[in-house]
Every structure is written in C-alpha cells, then in structure tokens.
Amino acid sequence: MTATTRQEEFLRRFHAERPGVTGETVGRMTGPDGRSGYAMLRDAVPGAAAVLDLGCGDGVLLELLAARAAEGGRAPGAGGPEASGGSGAGGRGAGGRVLAGVDLSAEALRAARGRSGVPSGTALVRGRAQRLPFADGAFDACVSHMALMLMGEVEEVAAEVARVLVPGGTFACVLGGGAVRGGGDAYERFLPLLAAAVEAQPAGRRVPRLGDPRTRTREGLDAVLRSAGFGPVDWRTVPLRFDGTADEVWSIVSGLYDLAPLSARDVAALREAFLAEAAPLTEAGGSVPCVMRVHLARAALPTR
C-alpha cells in the first residue's frame, strides 16, 4: 500500500463517520472582516461562471457559491463542465452559475446532495483529485477549502486542475496554517496536549502523514503550481477566530484528524486537560478565545 493510498483510506474512514466535520469546526471560525474561510473562497472567484469545488465535503462552499450567483455575482456567458466517465454534467443553479464538486467520501457527497442550497443539477462526483472525471477546459475556476494540503501526489493534482480549467482560469484554496504563535489562545494551548496524547500511542495506530508539506508554504505551493503552468501564487495569511464556551471550543479542536485513533478514555483525558488549560483564558461572559491561521492562496493560468 502506497503512502497516498494509506492517506486516502484514512480520510475515507474518517469522513464516513464525520462527513460534515470541516464545516462544523473551521467553518464556524471567522476572520477580522467577519468572513469564514469558505466565504473568502467564494469571493476569490467572483466572475467565474463554472466552478469546481475540489474536496467539496458536505457542500458548504457549493451552497455559498450558488447563493452568490443567485444574487447576481457572476460573469455571463460561460458553458458548463462536461463530465467524463459517466459522472454526469454540472447543472446550472439560480443565476446560471455551473457548479461541480468532487470528493473521496461518499457520505460527504450524500450530505451535499441533501443540502437545500446546493442546486439539484450540481455534479457531485466521488473521485480522486489526481484523476478528475471532467473534460479539458470545463471550468473557469477551481476552489478547495482545507483539502489540497491533505492530498498526496500533489503534482498530479496541480496538473489535473490545470487541465480542467480554461486558459486564464483561477485556482484558489484555503490551507491550514496552524496556531498563532505567542497568541496564548485555546488552540495554541491545545496543540501540545494533543501532541503528547498522540506520542503516547503506538506508531502503528497514529494517523498517517497527510498531504505534501510544500502546500503549506508559499514557496512550496508556488513551485508545485508553476510546474503545472500556473502563474505566481498570491498568498495571504489570515487569523480565524471563534469565541465560545470552553465546551464549544472543545467541539472545534476535537475535530482534528489526530484524535481519530485515540480511545474514548484517551479522548476524555485530553478533554479534561484541555478544559484545565482553557479555564484561565475564560473572559467576561464565559467565552474562551480560539484562533487558527489559514492561508488563502490564488493562482491563474496564462490566457494564451
């Protein structure tokens, strides 16, 4: 079994049990301007009339893209994605924007189909980013929320994204950036506790290393995307924040992949340790600050 196969098998199992975990956790956090990472990606492709969501999960971003199109935030006159391999064509939602999503998880895709704001004709396809089931030049833009950083064989992913985009097409993604160093918030205090809990596990039980570390730096992602024909990466680091009770913050941080192999007893012990660390951070009104960095990256193909 290859490293990529192990990664993907873990992600399938994890999201079979928690298909909406990203929206339930990171999706609740907002930046200084009040937008979530999903909303930032929606706004990164305002004129795209045909958009692919790479690692679409349970459809949160697709719903936002459809709603923005219904408000009139789209460019006119683009065609839709032609899917290959029997996966169906993308459908037009309100406002005429064509949407499609691809994900490893059948359960997440089922949840996306049941989301009321996702147009019924949206092509929701189970598949791998390394071999996208869509025709060349099918999309004006591709977006990816907290997914590219989890993928192996990332050069193949970049090449496939470039293939399904039109000349001048845009690839925009949100990538995890870790804690704000020295911030002293609940997330920064949680990570060492989690690391100790993971270290105590037998090596064979730990989560496989996910993704390619190059996608977590501007220089690394720029090199990967340039190899597929993209121009320079525009890179912006944004703090996302959630203020809630200690239990509410726990519901966010406990969604991290590294907790998956822990026993119920280990998770309970980790929770108690976290609540003890969070107690001194409690502000007036009972809220605890939780801050996470994300990177918003954007690159475009040449127009030729």
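- Contact record, G255 with V21: O-CG2, 3.9 Å, taken as the closest heavy-atom pair.
- At most 12 non-hydrogen atoms from other residues, nucleotides or ligands lie less than 6.0 angstrom from CZ of R236.
- The two residues F230 and G169 make their nearest non-hydrogen contact at CE2-O, 4.5 Å.
- Counted within 6.0 Å of CZ on R131, heavy atoms from surrounding residues, nucleotides or ligands total 12 or fewer; the atom is thus considered open.
- Considering every non-hydrogen atom in both L296 and V174, the closest pair reads CD1-CG2, 3.8 Å.
- Between the side chain of E160 and the backbone N or O of L132, at least one donor-acceptor pair lies under 3.5 Å.
- Under a 3.5 Å cut-off, the side chain of R293 and the backbone N or O of T237 do not form any donor-acceptor pair.
- Between the CG atom in L65 and the CG atom in L99 there is a gap of 6.0 Å [rounded to 0.5 Å].
- The neighbour count for R298 CZ, taken as heavy atoms of other residues, nucleotides or ligands under 6.0 Å away, does not exceed 12.
- Between atom OG1 of residue T22 and atom OH of residue Y38 there is a gap of 5.0 Å, rounded to the nearest 0.5 Å.
- Taking both residues in full, the closest heavy atoms of G20 and D58 are given as CA-OD2, 3.4 Å, listed atom of the first, atom of the second, then distance.
- Although no hydrogens or angles enter the test, the distance criterion places a donor-acceptor pair under 3.5 Å between the side chain of D140 and the main chain of A49.
- Interatomic distance, CG of L41 versus CZ of R35, reported as 9.5 Å (0.5 Å rounding).
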CA sep, side-chain torsions, deciding dist, call: V157, V224, side-chain contact (heavy atoms from CB on, under 4.5 Å) | CA-CA 9 Å; V157 176; V224 169; over 6 Å; no
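- Taken together through direct or relayed side-chain contacts under 4.5 Å among Ile, Leu, Val, Met, Phe, Trp and Tyr, L221 and L210 form part of one hydrophobic cluster.
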Give the C-alpha distance, both sets of side-chain angles, the deciding distance and a yes or no for side-chain contact (heavy atoms from CB on, under 4.5 Å) between V291 and E188.
-> CA-CA 8 Å; V291 186; E188 186 182 34; over 6 Å; no
Just do the side-chain contact (heavy atoms from CB on, under 4.5 Å) check on R128 and L104 with the steps written out, would you?
-> CA-CA 6 Å; R128 302 179 68 238; L104 287 172; 4.0 Å; yes
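- Of the possible donor and acceptor atoms, none in the side chain of R241 sits under 3.5 Å from a partner among the backbone N and O of P289.
- Aromatic ring pairs are classed by plane angle as parallel below 30°, tilted from 30° to 60° and perpendicular above 60°; the pair F190 and F274 is perpendicular.
- Expressed to the nearest 0.5 Å, how far CG of L52 lies from CG of L165 amounts to 8.0 Å.
- One N or O on the side chain of R206 and one on the backbone of Q201 form a donor-acceptor pair closer than 3.5 Å.
- The closest donor-acceptor contact from the side chain of R163 to the backbone of F134 lies under 3.5 Å.
- Remark: the backbone N or O of S287 is not paired with any side-chain donor or acceptor of E248 at under 3.5 angstrom.
- More than 12 heavy atoms of other residues, nucleotides or ligands shown are found within 6.0 angstrom of CD on E283.
- Residue pairs meeting the side chain to side chain donor-acceptor pair (under 3.5 Å) criterion with at least one partner in residues 254-265, sequence neighbours excluded, are H15-Y257, S263-D266.
- Comment: E24 does not engage R28 in a salt bridge, judged by the lack of any side-chain N to carboxylate O separation of less than 4.0 angstrom.
- Within the model, atoms OG of S144 and CG of D53 stand 7.0 Å from one another, a figure rounded to the nearest 0.5 Å.
- Contact between G244 and V249 at its shortest, heavy atoms only, is O-CG2, 4.0 Å.
- Without hydrogens or angle criteria, R68 side chain to R42 main chain gives no donor-acceptor distance under 3.5 Å.
- Scanning both residues, A228 and A162, for their nearest heavy atoms gives O-CB, 3.5 Å.
- Taking the side chain as every heavy atom from C-beta outward, D247 and L275 approach each other to under 4.5 Å.
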Please walk me through it: do V253 and F242 pass side-chain contact (heavy atoms from CB on, under 4.5 Å)?
-> CA-CA 11 Å; V253 300; F242 175 83; over 6 Å; no
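- The main-chain N or O of L175 is never found under 3.5 Å from a side-chain atom of R216 such that the two would form a donor-acceptor pair.
- A distance-only check finds a donor-acceptor pair linking the side chain of D103 to the backbone of G57 [under 3.5 Å].
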